[in-house]
**Student:** 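Below is the structure I would like to discuss, written out as structure tokens.
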Amino acid sequence: MRISNVSMQFFNHSKRNVLKNQTMYSASHKGADFLCFGKNIELAKKVSIIPSSKPTDLERNIQKIADIDTSETDIKKFKNGETYVNIKDNVRGKDVYLMPASNENVNDNLIETYLKADAAKRAGASKVIAVMPNFDYARQEKRMEQGEPIAARLNMDLLKTSGVDEIITTDLHTPAIEGFAPNSMSVTHLESIELMKDYFKSQGIENLMVVSPDLGGTKRADKLAKALGCDKAIVYKHRQAHNQATAETLIGDVQGKNCILYDDIIDTAGTITEAAKLLKQKGANDIYVCATHGLFNGNAMQKLSEAPIKEVIVSNTTPKKADSIDKIKQVDIAPQVVGAMLNISV
């Protein structure tokens with residue numbers, strides 16, 4: 001049995017000197033069967049992990065790799081819908097990691113996180129770190145019309161007020177959101193670019209081209225194209241309303257190419273499926289979709305099933321849906337999260 005020893009993390013961090021991201025592909029790390037973090041024992045002495053009310057595969061993988069039992073915590077709902085939290089284990093003087101809440105209701109998830117942070121600080125935690133792979137309200141990071149809030153900024157403020165000292169997140173909708181955090185609050189921003197690169201290289205797909213499904217994702221697509229050593233194209237879309245977009249124009253030649261549509265979030269899948277149809281019309285061969293956050297709301301599964309898409313590759317920042325189709329493949333970011341924990345606490 002081969003073991004790959006990872007004694008340090010491999011990610012980008014906004015406010016700390018760290019190693020450059022080397023890989024976050026988890027199923028096997030450079031041919032190894034298991035990941036072995038050499039500092040687990042030291043980490044276990046210094047941290048406590050507060051579970052979510054509904055543990056996900058990501059949470060279980062983080063716990064398994066870090067080799068740390070979660071702290072006994074009571075999380076429940078009162079009859080009127082209020083959330084109750086009680087951390088029963090002693091967390092005084094420890095770095096407390098809050099695992100991501102994973103209910104269907106985003107607002108319930110945030111309230112659970114705020115309450116766990118407040119409870120941990122009142123119990124004497126040295127530092128509270130919220131693991132939020134998919135940062136809620138990230139798409140509301142600016143005002144498009146008069147009368148709108150800047151919800152991403154408000155969420156950051158509420159996290160700080162509740163007692164969160166640091167956030168571990170993955171592929172923010174825009175990196176500028178890190179600037180919403182006060183100077184006393186750190187943001188560990190993980191990136192999926194190496195994970196996606198490793199996945200596609202492992203598949204041995206030739207004649208690749210990376211395609212951004214909209215103008216806003218051009219820089220993201222450019223990074224993946226450079227990592228894979230291939231060209232890129234851009235789809236120009238028109239957004240009629242929230243969750244309603246039409247692919248109108250393609251910048252680039254995809255004739256005979258195996259295309260990778262690369263985005264940060266797949267929500268209702270309207271943007272990505274419209275872009276896939278346009279690529280097929282323009283002569284693309286196989287079409288792959290990859291995104292960090294697979295939300296798959298509404299009739300997203302039906303759209304993806306009917307679209308000319310061969311595979312959809314997402315990370316496990318959000319739980320897999322019960323009605324998930326065979327096209328969807330998940331890759332694990334747990335090793336990267338544990339790497340961030342090691343960097344913060346050891």
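Just so you know, these numbers come straight off a predicted model, no measurement behind them. Keep in mind that the numbers below use all heavy atoms, side chains included, and drop hydrogens, waters and symmetry copies.
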**Student:** I'd like to know if Ile205 and Val331 are part of one continuous hydrophobic network [Ile/Leu/Val/Met/Phe/Trp/Tyr, side-chain heavy atoms within less than 4.5 Å].
**Tutor:** yes
**Student:** Under the 3.5 angstrom rule, does the side chain of His189 hit a backbone N or O of Leu172 as a donor-acceptor pair?
**Tutor:** yes
**Student:** So how far is it from Ser186 OG to Ile344 CD1, rounded to the nearest 0.5 Å?
**Tutor:** 8.0 Å
**Student:** Does any N or O in the side chain of Asn299 come within less than 3.5 Å of the main-chain N or O of Gln302, such that one atom is a donor and the other an acceptor?
**Tutor:** no
**Student:** Are the side chains of Pro133 and Leu58 in contact, using a 4.5 Å heavy-atom criterion?
**Tutor:** yes
**Student:** Which heavy-atom pair separates Ser212 from Thr218 by the least distance, and what is that distance?
**Tutor:** OG-N, 3.5 Å
**Student:** Does the side chain to side chain contact (heavy atoms under 4.5 Å, CB included) test come out yes or no for Thr249 and Val235, once each step is laid out?
**Tutor:** CA-CA 6 Å; Thr249 307; Val235 173; over 6 Å; no
**Student:** How would you list, by chain and number, every residue that makes a salt bridge (Lys or Arg N to Asp or Glu O under 4.0 Å) with Asp157, sequence neighbours excluded?
**Tutor:** Arg153
**Student:** With no hydrogens and no angle check, just 3.5 Å: does a side-chain donor-acceptor pair link Tyr137 and Asn107?
**Tutor:** yes
**Student:** Can you tell me if Ser102 uses its side chain to pair, donor with acceptor, with the backbone of Lys54 under 3.5 Å?
**Tutor:** yes
**Student:** Counting N and O atoms only, with roles assigned by atom type, does the side chain of Asp171 sit under 3.5 Å from a partner on the main chain of Ser192, one being a donor and the other an acceptor?
**Tutor:** yes
**Student:** Judged by atom type as modelled, is there a donor-acceptor pair below 3.5 Å linking the side chain of Lys329 to the main-chain atoms of Asp326?
**Tutor:** yes
**Student:** Under a single-linkage definition using a 4.5 Å side-chain heavy-atom cutoff for Ile, Leu, Val, Met, Phe, Trp and Tyr, are Ile265 and Tyr262 assigned to the same hydrophobic cluster?
**Tutor:** no
**Student:** Check whether any side-chain heavy atom of Met99 lies under 4.5 Å from a side-chain heavy atom of Ile49, and answer yes or no.
**Tutor:** yes
**Student:** Does Glu191 pair with Lys223 as a salt bridge, N-O distance under 4.0 Å?
**Tutor:** yes
**Student:** How close do Ile234 and Asp214 get, heavy atom to heavy atom, and via which atoms?
**Tutor:** CG2-O, 4.1 Å
**Student:** Is any side-chain N of the basic residue among Lys282 and Asp253 closer than 4.0 Å to the acidic one's carboxylate O?
**Tutor:** no
**Student:** State, to 0.1 Å, how close Cys290 and Met196 come at their nearest heavy-atom pair, and which atoms those are.
**Tutor:** CB-SD, 3.9 Å
**Student:** Do Val337 and Ile65 make a side-chain contact, defined as non-hydrogen atoms from C-beta onward lying under 4.5 Å apart?
**Tutor:** no
**Student:** With a cut-off of 6.0 Å (strictly less than), are more than 12 heavy atoms of other residues, nucleotides or ligands near NZ of Lys226?
**Tutor:** no
**Student:** Give the intermediate values and the outcome of side chain to side chain donor-acceptor pair (under 3.5 Å) for residues Lys160 and Ser184.
**Tutor:** CA-CA 9 Å; Lys160 181 61 182 177; Ser184 58; 3.3 Å; yes
**Student:** Going by an N to O cut-off under 4.0 Å, is there a salt bridge joining Lys46 and Asp95?
**Tutor:** no
**Student:** List the atom of Ala276, the atom of Ile287, and the distance in Å for their closest heavy-atom pair.
**Tutor:** O-CD1, 3.3 Å
**Student:** Does any part of the side chain of Thr170, heavy atoms only, come nearer than 4.5 Å to the side chain of Met132, both counted from C-beta?
**Tutor:** no
**Student:** Just do the side chain to side chain contact (heavy atoms under 4.5 Å, CB included) check on Met301 and Ser324 with the steps written out, would you?
**Tutor:** CA-CA 7 Å; Met301 293 298 180; Ser324 182; 4.1 Å; yes
**Student:** Please check if the side chain of Lys327 supplies one atom and the backbone of Ser305 the other of a donor-acceptor pair under 3.5 Å.
**Tutor:** yes
**Student:** Does the side chain of Tyr97 come under 3.5 Å of the side chain of Ser345 through a donor N or O and an acceptor N or O?
**Tutor:** yes
**Student:** Hydrogens and angles aside, do Asn109 and Tyr114 bring a side-chain donor and acceptor to less than 3.5 Å of each other?
**Tutor:** no
**Student:** Distance alone, cut at 3.5 Å: any donor-acceptor contact between the side chains of Asn258 and Asn207?
**Tutor:** no
**Student:** Give a yes or no on whether a salt bridge exists between Asp286 and Lys310, defined as a side-chain N under 4.0 angstrom from a carboxylate O.
**Tutor:** yes
**Student:** Take Thr73 and Asn86 through the test side chain to side chain contact (heavy atoms under 4.5 Å, CB included) and record every step on the way to the result.
**Tutor:** CA-CA 6 Å; Thr73 308; Asn86 187 343; over 6 Å; no
**Student:** Rounded to the nearest 0.5 Å, what separation is found between the OG1 atom of Thr113 and the CD1 atom of Ile167?
**Tutor:** 10.0 Å
**Student:** Between Arg60 and Asp57, does any side-chain N to carboxylate O distance fall below 4.0 Å?
**Tutor:** yes
**Student:** Decide whether Thr56 and Lys320 meet the rule of one side-chain donor and one side-chain acceptor closer than 3.5 Å.
**Tutor:** no
**Student:** Work out which heavy atom in Leu190 is nearest to a heavy atom in Ala340; give both atom names and the distance.
**Tutor:** CD2-CB, 4.4 Å
**Student:** If you measure from CZ on Phe200 to CG on Leu228, what distance do you get to the nearest 0.5 Å?
**Tutor:** 7.5 Å
**Student:** Would you say that Ile129 contacts Asp165 through its side chain, given a criterion of any heavy-atom pair below 4.5 Å between the two side chains?
**Tutor:** no
**Student:** Does any donor atom in the side chain of Ser52 or Glu59 lie under 3.5 Å from an acceptor atom in the other side chain?
**Tutor:** yes
**Student:** With Gln146 as reference, evaluate Glu148, Arg143, Met144 under the side chain to side chain contact (heavy atoms under 4.5 Å, CB included) test and give the passing residue.
**Tutor:** Arg143
**Student:** Nearest 0.5 Å, what's the NZ-CD distance between Lys321 and Glu104?
**Tutor:** 4.0 Å
**Student:** Assigning hydrophobic clusters by single linkage (Ile, Leu, Val, Met, Phe, Trp, Tyr; side-chain heavy-atom cutoff under 4.5 Å), is Leu295 placed with Leu110?
**Tutor:** no
**Student:** Could you report the tightest heavy-atom contact between Thr317 and Thr292, atom names first, then the distance?
**Tutor:** OG1-O, 3.3 Å
**Student:** Less than 4.5 Å apart, side chain to side chain, heavy atoms only: is that true for Val128 and Glu166?
**Tutor:** no
**Student:** Got a second to check how far Ile68's CD1 is from Ser48's OG, nearest 0.5 Å?
**Tutor:** 8.5 Å
**Student:** With no hydrogens and no angle check, just 3.5 Å: does a side-chain donor-acceptor pair link Glu141 and His173?
**Tutor:** no
**Student:** Give a yes or no on whether the backbone of Asp136 and the side-chain of Asn155 come within a donor-acceptor separation of less than 3.5 Å.
**Tutor:** yes
**Student:** Rounded at 0.5 Å granularity, tell me how far CD1 in Ile333 sits from CD1 in Ile62.
**Tutor:** 6.5 Å
**Student:** Just so I know, are the side chains of Lys116 and Val96 near enough to count as touching, which here means a heavy-atom distance under 4.5 Å?
**Tutor:** no
**Student:** Same hydrophobic cluster for Ile193 and Val210, using side-chain heavy-atom links shorter than 4.5 Å among ILVMFWY?
**Tutor:** yes
**Student:** Give the other cluster members for Phe78, using side-chain heavy-atom distances under 4.5 Å between Ile, Leu, Val, Met, Phe, Trp and Tyr residues; answer none if it is isolated.
**Tutor:** Tyr84
**Student:** With the threshold set at 4.0 Å, does a side-chain nitrogen-carboxylate oxygen contact exist between Arg220 and Asp263?
**Tutor:** yes
**Student:** Are a donor atom and an acceptor atom from the side chains of Glu194 and Tyr199 found within less than 3.5 Å of each other?
**Tutor:** no
**Student:** Donor-acceptor pair, Lys280 side chain versus Pro308 backbone, under 3.5 Å?
**Tutor:** no
**Student:** Do Ile325 and Ile328 have side-chain heavy atoms sitting under 4.5 Å apart?
**Tutor:** yes
**Student:** Would you check if the side chain of Asp267 reaches a backbone N or O of Phe296 as a donor-acceptor pair within less than 3.5 Å?
**Tutor:** no
**Student:** Going through the distances and angles, do Thr70 and Ile50 end up as a side chain to side chain contact (heavy atoms under 4.5 Å, CB included)?
**Tutor:** CA-CA 6 Å; Thr70 56; Ile50 307 301; over 6 Å; no
